[in-house]
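Keep in mind the model is a prediction, meaning the values are calculated, not measured.
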Amino acid sequence: MLQVAKAALEKEESDTAAEKESYLAEHCPPLSLPHSLQDLQEFCKKLHAKIDVVDEERYDMEVKVQKSSKELEDLNQKIFDLRGKFKRPALRRVRMSADAMLRALLGSKHKVNMELRANLKQVKKEDTDKEKDLRDVGDWRKNIEEKSGMEGRKKMFESEA
């Protein structure tokens, strides 16, 4: 089996070499250099003119390829937009504190501390009159008994006035 494969490879190599020779024979005539200086200069001018033509064709082809590849990208983008499916980039986990991120972004200007507990203001609870009254009331049953009956209502009107 290896011998058959080796023979096939050798045959393929000889075929490609023969194909190359035939292509060169058709498209590239054998080079005949003139012997005089003026003939050599004319020959060089003709070669340069041919090179310029080939370069122009190559440039035109490159522009066409770039234009078509740009159109393909635009069409692919339109397809994704119409489908509504977007590729989400794989996000990497960042092991950096908020302070370190701000320092990296702002440089030496960073003076904000991102520790939330340190930034919280301490609020002292002020005792208001209502809270004092609620504390002084004590048992709610006593308060209701005092307000029950005519005496209790009379006390309510006197305290409001």
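- Crowding of E19 atom CD: a count of heavy atoms from other residues, nucleotides or ligands under 6.0 Å not exceeding 12.
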task = Dump the intermediate steps for side-chain contact (heavy atoms from CB on, under 4.5 Å) on Q66 and K70, then the final yes or no.
result = CA-CA 6 Å; Q66 288 174 352; K70 179 70 175 163; over 6 Å; no
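- A heavy-atom distance below 4.5 Å is not found between the side chains of Q77 and E73.
- The structure places CG of D15 at 14.5 Å from NZ of K20, a figure rounded to the nearest 0.5 Å.
- For the residue pair V65 and S68, the shortest heavy atom distance occurs at O-OG, 2.9 Å.
- When side chains are defined from C-beta on, V63 does not count as touching D60, because their heavy atoms never get closer than 4.5 Å.
- The CD atom of E56 sits 12.5 Å away from atom CD1 of I51, with the distance rounded to the nearest 0.5 Å.
- One distance of note links OH of Y59 with NZ of K64; it measures 13.0 Å at 0.5 Å rounding.
- With respect to D55 and R58, a salt bridge is recorded, a charged nitrogen being found less than 4.0 Å from a carboxylate O.
- A distance of 4.5 Å separates CD of Q41 from CG of L37, quoted to the nearest 0.5 Å.
- With values rounded to the nearest 0.5 angstrom, D52 atom CG is found 11.0 Å from L47 atom CG.
- Atoms SG and NZ, from C44 and K46 in turn, are 11.5 Å apart once rounded to the nearest 0.5 Å.
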